[in-house]
Every structure is written in structure tokens, then in C-alpha cells.
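First the structure, in the form of C-alpha cells, and then the observations on it.
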Amino acid sequence: MKSQKNVTGKVKLKLYKGNIIPAGVEADKSLYSEDLASFGDGAEDLFSHKDADGFINLYSLASLVEAKINKGV
């Protein structure tokens, strides 16, 4: 992916009883920013809390349709 072109680093994984568990990440270059991920300073121009209403409506749509279809069951 183009977005990963400049990403470098190492990922440490633990293998335990058939599971893979992330154990650490090191990166000189990364697309992750704690400020942006936590919607801290600098994230206002990327995400509006009003957008959450749209996400909630979209993710609940399947449940609402299913409930309407099975209402008579």
C-alpha cells in the first residue's frame, strides 16, 4: 500500500499455545500519532465529534433492519 511506503520498524510478537500476541513496536517512521489517535491537540481538523453520530447510525443499520424483518417472528 502506498500509505505504508515510508513506514519502517520492528514488531515483536509472542507465540503462546497457538496464539500470536503483540509484544512491542519500534519505529523511526510511523503513521501512528498518539495525539491524533486520542483525538488530542491537532486532531480537530481530522475528526469532528459530530461525525460519531453518522458512524453510530451506519453501524446500527444492520441491527435495525434485522429487527424489522424479524418483528413478526
* Asked: Pairs in or reaching into residues 5-23: which pass salt bridge (Lys or Arg N to Asp or Glu O under 4.0 Å), with residues at least two apart or in two chains?
  ->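 Matches after skipping sequence neighbours: Lys12-Glu26.
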* Would you list the pairs meeting salt bridge (Lys or Arg N to Asp or Glu O under 4.0 Å) in which at least one residue belongs to residues 52-65, sequence neighbours left out? =>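 Passing the test, one end in residues 52-65: no pairs.
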* What distance do Ile56 atom CD1 and Asp51 atom CG have between them, rounded to the nearest 0.5 Å? ->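 Nearest 0.5 Å value for the CD1-CG distance: 11.0 Å.
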* Is the CG atom of Asn19 crowded by more than 12 outside heavy atoms at less than 6.0 Å? ->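 Enclosed: over 12 neighbouring heavy atoms sit under 6.0 Å from CG of Asn19.
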* Linked hydrophobic residues, Tyr16 as query - side chain contacts closer than 4.5 Å ->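 Ile21, which link up through side-chain heavy atoms under 4.5 Å apart, make up the rest of the cluster.
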* Connected-component partners of Leu13 among ILVMFWY, side-chain separation under 4.5 Å ->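 Besides Leu13, the cluster holds Val11, Leu15, Ile20.
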* salt bridge (Lys or Arg N to Asp or Glu O under 4.0 Å) against Glu66, all qualifying residues, sequence neighbours excluded ->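 So Glu66 forms no salt bridge (Lys or Arg N to Asp or Glu O under 4.0 Å) with any residue.
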* **Residue pairs involving residues 54-64 (criterion side chain to side chain donor-acceptor pair (under 3.5 Å); sequence neighbours excluded)** =>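 For residues 54-64: none.
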